[in-house]
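Worksheet: the structure to be examined is printed underneath.
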Amino acid sequence: MSRKLVTVRRVGTVQPIPGADRIQLATVDGWAVVVKVGEFAPNDRAIFFEIDSYLPGDDPRWGFLEVGFTVWNEMKGYKIKTAKLKGQISQGILRTLNDFPEVAEVIKDLEEKHGVEKAEEMVRGMSFAEALGVKKYEPPEPGSNVPGERPARPFPSFVQKTDQERIQNLPGVFAAYADEVFQETTKMDGSSMTVYYLREDSQIIETMEPVNPIKEPTVASMKGRFGVCSRNIDLLEAGGGNFWAVARKNKLPEKLSNLNRNYAIQGELCGSSIQKNFEGFQPGFHEFFVFSVWDIDKQQYLEPKAVEELAAELNLKHVPVNGYYKLGDIATEVKALLARAEGKGINGKKREGIVLKQVDGPLSFKAISNSYLLKHGE
Ligand code: ATP
Ligand code: MN
Ligand code: MN
């Protein structure tokens, strides 16, 4: 599920902010955004740029943000973060369609072709990020290319990536899934890590370039293929830093080869040198905390309980499981789930949030602690 960072939506409510006469608080679905007074009225169409959007600095329409520009991936631009204005949490940027005639044009075309009602529905599912040159900000990944080695491969296409949708974008789930049971885990603030194993008889192996069998004897007796990936890269063993080190420390090549299943185990690489170590690990400590298992043959995730069991069987750590609950019993609206996301991580520091996974189905989403966002500036 790839995130739609730039969407056209209807404004929900627009309310005054105590003590402020030039700004107001607008809502779009489960998000709250500070806007200028008079800029929006309820039910207006607007373009919503979510947090983590990287806005292109060379588009003059973002010139008003110039003091906050940074350079990322050799691009000058603006990273949208959670902000607090006059005591109000504001997430994202809301702009009128007047400023983006290229988007208004697309909508007009759809309305002419399909009618207003159908167009409304189609527009809801669209992302305008590409059209407006907006990128998803990703923190820099560790170096993965090594001189003298083949280039690292991109993340394998036969494994699902580890993204989670934010609850603010799914306000309808409380009504639709109230009676469904979800596993609640703590969201750890490390780096996404996936290890996979393909059996010798897996047809996928034939489509891949060989690893370097001389330089990378991961397990001498291994016949299948074992890989370690960061969020976007299938890492070379020689350039895999903490990812490969933690995989080896946990004997993952051996364990997966003994298990002999076409599985990808996904988890969070956490430790003292990852993501500024907001989790507060001891210097030098790094560990892999499992949160899901992808069945490569079936192209689907294992149930949460089966993931816990497999992690235990393989003697791997699992992200903290807070419990299994009916959604309706823990929250009936976005706000309540966000409040629940506040809490402590495994070392007693403020946690990033929680992840909820449906037990009998594929739905999962995250609720990020707003106080964490404010403190650590994401
Ligand atoms: P970024 O802000 O850089 O996009 P993120 O962590 O917010 O990073 P998301 O896709 O928004 O990325 O959230 C999903 C990520 O959360 C997963 O890729 C995974 O690495 C991480 N994660 C941490 N703890 C858990 C957990 N308990 N369950 C599922 N995913 C988790
Ligand atoms: Mn994210
Ligand atoms: Mn993260």
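If you read the sequence from its start, that first residue is 1, and numbering goes on from there. Note that these values count all heavy atoms, side chains included, but never hydrogens, waters or copies made by symmetry.
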Are M188 and I274 connected, step by step, through hydrophobic side chains (Ile, Leu, Val, Met, Phe, Trp, Tyr) whose heavy atoms are closer than 4.5 Å?
no

Do E279 and K344 sit within salt-bridge range, that is, some charged N less than 4.0 Å from a carboxylate O?
no

Pairing of R340 and E184 as salt bridge, 4.0 angstrom limit:
yes

Are side-chain N/O atoms of Y263 and D297 paired as donor and acceptor at under 3.5 Å?
no

For K136 and D163, run salt bridge (Lys or Arg N to Asp or Glu O under 4.0 Å): C-alpha distance rounded to whole Å, both residues' side-chain angles, the deciding distance at 0.1 Å, then the answer.
CA-CA 12 Å; K136 174 169 183 302; D163 299 332; 5.8 Å; no

Is there a donor-acceptor pair under 3.5 Å between the side chain of Q266 and the backbone N or O of Q160?
yes

Trace of the side chain to side chain donor-acceptor pair (under 3.5 Å) decision for Y54 with T70
CA-CA 10 Å; Y54 198 76; T70 54; 3.1 Å; yes

Any ion pair linking E165 and K366 (charged N to carboxylate O, less than 4.0 Å)?
no

Using a 3.5 Å distance criterion without hydrogens, assess whether the side chain of D295 forms a donor-acceptor pair with backbone atoms of Q299.
no

Before giving the answer on side chain to side chain donor-acceptor pair (under 3.5 Å), spell out for T82 and N370 the whole-Å C-alpha distance, their side-chain angles and the decisive distance to 0.1 Å.
CA-CA 8 Å; T82 301; N370 277 328; 5.3 Å; no

Kindly indicate whether the side chain of D179, heavy atoms from C-beta on, has any atom under 4.5 Å from the side chain of L327.
no

Any side-chain heavy-atom pair from S369 and R351 closer than 4.5 angstrom?
no

Roughly how far apart are F289 CZ and T186 OG1, rounded to 0.5 Å?
11.0 Å

Under 3.5 Å, is there a donor-acceptor pair between the side chain of Q168 and the main chain of G30?
no

Donor-acceptor contact below 3.5 Å, side chain K79 vs main chain F69
no

Are the side chains of V34 and I17 in touch, meaning some heavy atoms are under 4.5 Å apart?
yes

If Ile, Leu, Val, Met, Phe, Trp and Tyr residues are connected whenever their side-chain heavy atoms lie under 4.5 Å apart, and connections chain through other members, are F285 and W244 in the same group?
no

With a 4.0 Å cut-off on N to O distance, would you call K187 and E342 a salt bridge?
no

Strictly distance-based, threshold 3.5 Å: is any side-chain N or O of E120 a donor or acceptor partner for the main-chain N or O of E117?
no

State the NZ-NE2 distance between K81 and H376, to the nearest 0.5 angstrom.
13.0 Å

Using only atom types and a distance under 3.5 Å, with no angle test, would you say the side chain of D59 pairs donor to acceptor with the backbone of R61?
yes

From CD1 (I368) to CD1 (I354), nearest 0.5 Å:
9.5 Å

Under 4.5 Å between any side-chain heavy atoms of F128 and V8, yes or no?
yes

With rounding to the nearest 0.5 Å, note down the distance linking CG in D109 to NE2 in H114.
9.5 Å

Please answer whether the main-chain N or O of L269 pairs with a side-chain N or O of S191 as donor and acceptor at a distance below 3.5 Å.
no

If the threshold is 4.0 Å, N to carboxylate O, is there a salt bridge linking K118 and E112?
no

Quick one about K317 and N250 (side-chain donor to acceptor, distance below 3.5 Å, no hydrogens or angles considered), yes or no?
no

Identified ring pair (Phe, Tyr, Trp, His ring centres under 6.0 Å) counterpart of Y137 within the set Y78, F49, W72
W72

Would you call E200-R225 a salt bridge at under 4.0 Å N-O?
no

Should N232 and K161 be marked as a side chain to side chain donor-acceptor pair (under 3.5 Å) after you check the CA-CA gap, both sets of side-chain angles, and the distance that decides it?
CA-CA 8 Å; N232 296 307; K161 285 199 181 182; 2.6 Å; yes

Spatial distance of atom CZ (F291) from atom CD (E308) [nearest 0.5 Å]:
14.0 Å

Check E138 with R231, please: is the shortest side-chain N to carboxylate O separation under 4.0 Å?
yes

How are the rings of Y196 and F158 set relative to one another: parallel (under 30°), tilted (30 to 60°) or perpendicular (over 60°)?
perpendicular

If the threshold is 4.0 Å, N to carboxylate O, is there a salt bridge linking D201 and R199?
yes

Under a 4.5 Å cut-off applied to non-hydrogen side-chain atoms, are T185 and N322 in contact?
no

Between Q24 (side chain) and G38 (backbone), is there a donor-acceptor pair under 3.5 Å?
yes

Give the ring-plane orientation class for F365 versus F182, where under 30° counts as parallel, over 60° as perpendicular and anything between as tilted.
tilted

Under the side-chain contact (heavy atoms from CB on, under 4.5 Å) criterion, do I107 and L97 qualify, and how do the steps go?
CA-CA 10 Å; I107 299 175; L97 280 174; 4.0 Å; yes

Any ion pair linking K350 and D189 (charged N to carboxylate O, less than 4.0 Å)?
no

Below 4.0 angstrom, N of the basic side chain to O of the carboxylate: do D44 and R10 qualify?
no

Side chains of K305 and E309: does their closest heavy-atom pair fall under 4.5 Å?
yes

Basic-acidic side-chain contact under 4.0 Å: D52, R166
yes

Would you say V319 and F243 are hydrophobically clustered, going by side-chain heavy atoms of ILVMFWY under 4.5 Å?
no

Tell me whether S127 contacts the main-chain N or O of A129 through its side chain, where contact means a donor paired with an acceptor under 3.5 Å.
yes

Please determine whether side-chain contact (heavy atoms from CB on, under 4.5 Å) holds for the pair V37 and I23, giving the CA-CA distance in whole Å, both sets of side-chain angles, and the decisive distance to 0.1 Å.
CA-CA 5 Å; V37 163; I23 54 175; 5.5 Å; no

Please round to the nearest 0.5 Å and tell me the distance separating atom CG of L259 and atom CD of E254.
13.0 Å

With hydrophobic residues grouped by side-chain heavy-atom distances under 4.5 Å, do V355 and V290 end up in a single group?
no

